Protein chains: 2
Amino acid sequence: MAVTIKDIAKKTGKSITTVSRALHGYNDVSPETREMVERVAKEMGYTPNLLAQRLQKQRTDTIGFILPTFGPRFSDPFFSEFLAGIGSSATKYGYDILVSTQPPGEKELEVYRKKVTGRQVDGFVLVRTRCQDPRINFLRESGVPFVAFGRTEGELDYPFVDEDGADGMFQLTKHLLERGHRRIAYITPPMALMFARDRWQGVKRALDEAGVSLPDAYLVTGELTQRSGREAARRLLSLPTPPTAIIAGNDLMALGAMSAIQERGLVVGEDIAVAGFDDIPMSEASHPPLTTVHQPIYEIGQMLTEMLIKIIRNQPLESQQILLRPQLIIRQSCGE
Amino acid sequence: MAVTIKDIAKKTGKSITTVSRALHGYNDVSPETREMVERVAKEMGYTPNLLAQRLQKQRTDTIGFILPTFGPRFSDPFFSEFLAGIGSSATKYGYDILVSTQPPGEKELEVYRKKVTGRQVDGFVLVRTRCQDPRINFLRESGVPFVAFGRTEGELDYPFVDEDGADGMFQLTKHLLERGHRRIAYITPPMALMFARDRWQGVKRALDEAGVSLPDAYLVTGELTQRSGREAARRLLSLPTPPTAIIAGNDLMALGAMSAIQERGLVVGEDIAVAGFDDIPMSEASHPPLTTVHQPIYEIGQMLTEMLIKIIRNQPLESQQILLRPQLIIRQSCGE
DNA sequence: ATTGACAGCCAAAACGTTTTGGACTATAAT
DNA sequence: ATTATAGTCCAAAACGTTTTGGCTGTCAAT
């Protein structure tokens, strides 16, 4: 069926060794032979069998990326942008991306292990790090190259890119405090996620410094989706003394919160302020446009991939831990 | 480094043949041997080298999916949901997904070709079909298994799943007509995309049947993003006689259009109606919630993947072409 | 005439599996 | 005592590459 190096050897009358070497620019084949081999290869439509190549070379030129899907309707714009970033760098360096979907939990590590020992990938891009992240321990111990988007608690001896969520939320919360808000509520992602804890630290610090307290009822947990943001906001709005400002741990939940406010007939930005984190494209187009903290997802995907490839290739890394300074994006959802 | 079948053979004192057969449930190995092999394999942490396995078996258990990325900020919630659907079925049947990013154009087919002849994938899931789609011609001719989300012009002799966009838009447009709208504008995706043409047919037919004409200036093209939807809507609103209703070819553009309307101080659903297509999660949470046509992206991803796997395995397909009947979702963006 | 250097070529091993086509032993049937 | 049968086992080939460690012939220098 598919044409192999053997077919070319037969056609050209050379050995398969010579064909292989001719195609790879070795200098122990004569120019005429090389030219002939190349011509025949092209004529016959030869493409190397990557499986065989990889088996022999003991590397896969493939990067693993495991999507932490929760439930069926999984539609986080975050991931398509991130994946596009990974893809752009991967393509640039001739790598493929092997994607699996696997919810966090029991079988998770097994998937990672299988991909590694099964020689399917050369390394991993991790995403959504948890405070105690078994994946990181596992990969660190087994010596598999990996990079992470996000940090963990404990020792940070692995390569990562992260945005300083504490600083971002600090800026954002301060912005709200400066605008006079004192009853500020926070919708947090599950605290097991490292960035959730991080962002919460930022909120907390800003409030503490201003001497503002946040009652227990003002701290609610959402699942990162619009739907859960809306439900969380509904609860907040039903409190005896509802907040005058709601900060959400990500934009999707902030947008959900906006819709909960609007369904009550209140005006976001006037009656109540809303802010998010991520600056997904949607946030610019919402009504009112959402005040948020920018995160360059696409670029982070690119950076991580390039770092990973360097690690795989044993090339030096100029900086193996990158903490990005967040940028506050002020729009109208917290008032004019 | 990694433990191979050979190591197990050495340890157990059996041949590699026997080890292989023991691990695969052949009945020509004694129960004791089988048990011993299995125990040792587990002890040593054996995982088969998938590269070797695949090279030998001449199949890859991998599905190819090539993301048609346009430009750097590529953040379409559509794709993460679709990918999650593919992933769920792929995992179920033990397949992996190989993802590449590649904009439509010159080098596109080369990527497909390389993945096939390089034995990286057993088949493809195609997405965003174009009216004249070179990918389909190529795959059809080379006999590679594939399934497509969407149809093309010309002969439809390949397996696909699609939602009847013409019917969906027909229903939607009729809904607007029934509500008294006569000045209806349409923001279309690029007409080279099959679903764009399809949906436009539906709009057109509804208008024709009602004897309503759509002036040239009311038909504008967007690039499927919020940003382009907003820009298109701005143009429409600046017309001497602006439309009273705007239909967008997808939800993202509809949401962009809503923001253009709101930035003019107009009220969506009262001053002007807006409708979209897709029913992405965002549409439910927008303000006002968007009237749209539902598309079960996740399920479509699943269906396509299962179809593809059946084709790869030469199993019969109960129906190889599926056209889904769309469901109109009426919310508030076209009035109460 | 020998030696050395070099250009051009190739057989065979290796990567880790699965499968083919037996071989061997013990027991049962003739 | 021979022949079948069944139960275990295995050597070798195959999948398509790359790499190792040669070999052969030519030419120039000694």
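Within every chain, numbering begins at 1; the chains are lettered A, B, ... in the order of the sequence lines, protein sequences first and strands thereafter. Values in this document were obtained by computation on a predicted structure and should not be read as measured data. Any value given below was found using the heavy atoms of this structure, including those in side chains, with hydrogens, waters and symmetry copies removed.
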Span of DNA chain D, from the first to the last nucleotide whose atoms fall under 4.0 Å of chain B heavy atoms: dT8(D) to dG16(D)
Does any pair with a residue in residues 301-311 of chain B pass salt bridge (charged side-chain N to carboxylate O under 4.0 Å, His left out), and if so which ones, sequence neighbours excluded? K92(B)-E306(B), K310(B)-E318(B)
Start at the 5' end of DNA chain D and walk down; is the nucleotide closest to Y26(A) or to A52(A) reached first? A52(A)
Under the side-chain hydrogen bond (donor to acceptor under 3.5 Å, both in side chains) rule, collect the residues that match up with T12(B), sequence neighbours excluded. none
Could I get the full list of side-chain hydrogen bond (donor to acceptor under 3.5 Å, both in side chains) partners for N49(B), not counting sequence neighbours? none
For E38(A), give me all partners under side-chain hydrogen bond (donor to acceptor under 3.5 Å, both in side chains), at least two apart in sequence or on another chain. none
Mind checking whether L324(A) and P296(A) have side chains closer than 4.5 Å, heavy atoms only? yes
Filter on ring-ring contact (aromatic ring centres under 6.0 Å, His included), then keep only pairs touching residues 111-134 of chain B, sequence neighbours left out; what's left? Y112(B)-F124(B)
Is there any ring-ring contact (aromatic ring centres under 6.0 Å, His included) pair reaching into residues 16-65 of chain A, and which pairs are they, with sequence neighbours excluded? F65(A)-F82(A)
Of all residues at least two apart in sequence or in a different chain, which pass the ring-ring contact (aromatic ring centres under 6.0 Å, His included) check with Y95(B)? none
Rounded to 10°, the angle between the first-five-pair and last-five-pair axes of the helix from dA1(C)-dT30(D) to dT30(C)-dA1(D) is 80°
In chain order, what residues pass the side-chain hydrogen bond (donor to acceptor under 3.5 Å, both in side chains) check against T91(B), with sequence neighbours excluded? none
Check nucleotides 4-10 of chain C against the protein and report each pair of N or O atoms closer than 3.5 Å, with its distance, or say if there are none.
from, atom 1, to, atom 2, distance (Å)
dC9(C), OP1, K14(A), NZ, 3.2
dC9(C), OP1, T33(A), OG1, 3.1
dC9(C), OP2, S30(A), N, 3.1
dC9(C), OP2, S30(A), OG, 3.3
dC9(C), OP2, T33(A), OG1, 2.9
dC9(C), N4, D28(A), OD2, 2.9
dC10(C), OP2, S15(A), N, 2.9
dC10(C), OP2, S15(A), OG, 3.4
dC10(C), OP2, T18(A), OG1, 2.8

Please name all residues satisfying ring-ring contact (aromatic ring centres under 6.0 Å, His included) with F195(A), sequence neighbours left out, ordered by chain then number. none
